[in-house]
Amino acid sequence: MTALPSWLRSRAPSPERPILRWALRPRARGLLLLTVIIGLAAMITGRSILYHLTYMLLALLILSFVWAWSAVRDLEIRRIPRSRRNQVGGFFEEILILRNTGFFPKIWLEVRDASTLPGHRASFVLDNLGRGKERLWTVRTRCRHRGLYRLGPLTLIGTDPFGLFEATLQLRETNEVLIYPPTFPLWRLGLPAGFWRGREAARRRTPEVTPNAGGVREYQPGDAFRRIHWPSTARRERFMVKEFDQEPAADVWIVLDLMADVHVHQPDRDEEDWPTGKPRLLPLSTEEYAIALAASLAAHLLRRERMVGILAYGSRRLFLPPHRGEGQLERLLEGLALLRAHGEIPFHQVLQSHVLRMARGSILILITPSGDPRWAMVARSLDSHGIRVAAIVLEAASFGGPEISPRVLPMLESGGIPVAVIRGGEPFALALERLGSA
């Protein structure tokens, strides 16, 4: 998505007017005190040289004040981000252009940026910006943390050639950039078969047209003319008609456990990522692993034309019904980018209150670090309601948390629920193959 550039003008009217502040540097205070002393001496002694010196110092102070005042006037700064949305592991890039539209040159000018995007350093110091001249600089920042971040505000700091006065102008206009969670490639993902239309798990042909083309066959009396597949007919020199599979009714739901009490987080360390040697994209946090798992699963399934939805109770309620396509993936990533593990509802209560309302034949992928066996008991009971379940358990002990209850995994396995165990610091693509064959 390409963002429109925004202009921040120091002299243009806006809903939020820039804030202008002044400051006397220590040397200016000393010079001002010296001017007063010399002026008093001139009045007492009446010597002309002291009067001349007083006038010169006053002229210097006034000139320096006007110069510092003009240093932050007649400036236009243009901030052009490449995109308002990015992803962890990618690079956020923006171009800043500063132009002097006034008569006087800018001897020294500092641009300070107060953006909240981690590691984004858009501050800049320049000198000798002449009339009508402009400076351009590009800032490129690696995105390391998901979330919504502020770009700006910008502060312009100017001074006079003698360094006596400092003028500060804050341009309060801001923009935002959204960083999506990372998605990792999944080579093979095994899921329960789920239910097909008519409660059949096997692929069956249907005489009706559906979105799922299953192949071609020879024309038979009674076949509709609109089902003829003309490319195959021309190639084989006889009429061929399209066959269609029944459309699957198995919606896939990704259900995250984001209760605050069950998640574990270790302080960030500057380590390298596994197994590529690149900067680590995931901190040792069960929250970030759960979010990355949900994002990776959604991307994997949606690109295979599955209907995918999501349910999570964290810092807010995230509920997106199943849909297909890139638009659904973008909605899922946006919701996950803003979600935090600040929930107060236990996972088994989330399952009891929402899952039983889902359509029969749905497939649930549960993601949790919880060692509470109650959610496993609820998961086992869902099969009787026509809902198939797969569980992804984050091993909290590998993240520095408590050991998982010894009852949870055997309870799931004895109920025929495919389970994948994810450990901190290890790739989870291989572990997800344990869910079974697709």
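Predicted model, so just to flag it, every value in this text is computed and none were measured. Computed over heavy atoms, backbone and side chain alike; hydrogens, waters and symmetry mates excluded.
For the atom pair CG of L31 and CG of L61, the computed distance is 4.5 Å after rounding to the nearest 0.5 Å. F103 CZ to D74 CG: the interatomic distance, rounded to the nearest 0.5 Å, is 11.5 Å. The OG1 atom of T286 sits 6.5 Å away from the CG atom of L394 when rounded to the nearest 0.5 Å.
In the displayed structure, R150 atom CZ is contacted under 6.0 Å by more than 12 heavy atoms of other residues, nucleotides or ligands. More than 12 heavy atoms of other residues, nucleotides or ligands shown are found within 6.0 angstrom of CG on L33. Counted within 6.0 Å of CZ on R21, heavy atoms from surrounding residues, nucleotides or ligands total 12 or fewer; the atom is thus considered open. At most 12 heavy atoms of other shown residues, nucleotides or ligands fall within 6.0 angstrom of atom CZ in F104.
Here S115 pairs with R79, D113 under the side-chain hydrogen bond (donor to acceptor under 3.5 Å, both in side chains) rule; sequence neighbours left out. A search for ring-ring contact (aromatic ring centres under 6.0 Å, His included) contacts involving F92 returns H120, not counting sequence neighbours. With sequence neighbours excluded, the residues that form a side-chain hydrogen bond (donor to acceptor under 3.5 Å, both in side chains) with E134 are R99. Not counting sequence neighbours, the partners of F319 by the side chain to side chain contact (heavy atoms under 4.5 Å, CB included) test are W253, L311, R317, P321. Every residue was checked against the side-chain hydrogen bond (donor to acceptor under 3.5 Å, both in side chains) condition with T155, not counting sequence neighbours, and none meets it. Shown here are the salt bridge (Lys or Arg N to Asp or Glu O under 4.0 Å) partners of R121, two or more places apart in sequence or in another chain: there are none. Take F65 and apply the ring-ring contact (aromatic ring centres under 6.0 Å, His included) test, not counting sequence neighbours, and it matches W22, F165. Taking I38 as the reference, L34, L50, L53, T54, L57 meet the side chain to side chain contact (heavy atoms under 4.5 Å, CB included) condition, with sequence neighbours excluded. Taking T159 as the reference, R25, W108 meet the side chain to side chain contact (heavy atoms under 4.5 Å, CB included) condition, with sequence neighbours excluded. Listed by chain and residue number, H300 satisfy the side chain to side chain contact (heavy atoms under 4.5 Å, CB included) test with R304 (two or more places apart in sequence, or in another chain).
Side-chain contact annotation: Y313 with H354, donor-acceptor N/O pair under 3.5 Å present.
R112 has a carboxylate O that lies under 4.0 Å from a charged side-chain N of E110, or vice versa, which qualifies the two as a salt bridge.
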Would you list the atom pairs, donor with acceptor, under 3.5 Å between side chains in residues 332-343 and any protein atom, with sequence neighbours excluded?
residue: E334; atom: OE1; partner: R85; partner atom: NH1; Å: 3.4
residue: R340; atom: NH2; partner: R146; partner atom: O; Å: 3.1

Which pairs would a plain distance check flag for residues 403-422, meaning a side-chain donor or acceptor within less than 3.5 Å of a matching protein atom at least two apart in sequence or in another chain?
residue: S405; atom: OG; partner: R407; partner atom: N; Å: 3.3
residue: S414; atom: OG; partner: R380; partner atom: NH1; Å: 3.3
residue: S414; atom: OG; partner: P410; partner atom: O; Å: 3.0
residue: S414; atom: OG; partner: M411; partner atom: O; Å: 3.0

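A donor-acceptor contact shorter than 3.5 Å links the side chain of S381 to the backbone of V378. Judged by distance alone, the side chain of K133 and the main-chain N or O of P105 form no donor-acceptor pair under 3.5 Å. Without hydrogens or angle criteria, T45 side chain to A41 main chain gives a donor-acceptor distance under 3.5 Å.
In this structure, R140 satisfies the cation-pi test against F91, with its NZ or CZ atom closer than 6.0 Å to the six-membered ring centre and inside 45 degrees of the ring normal.
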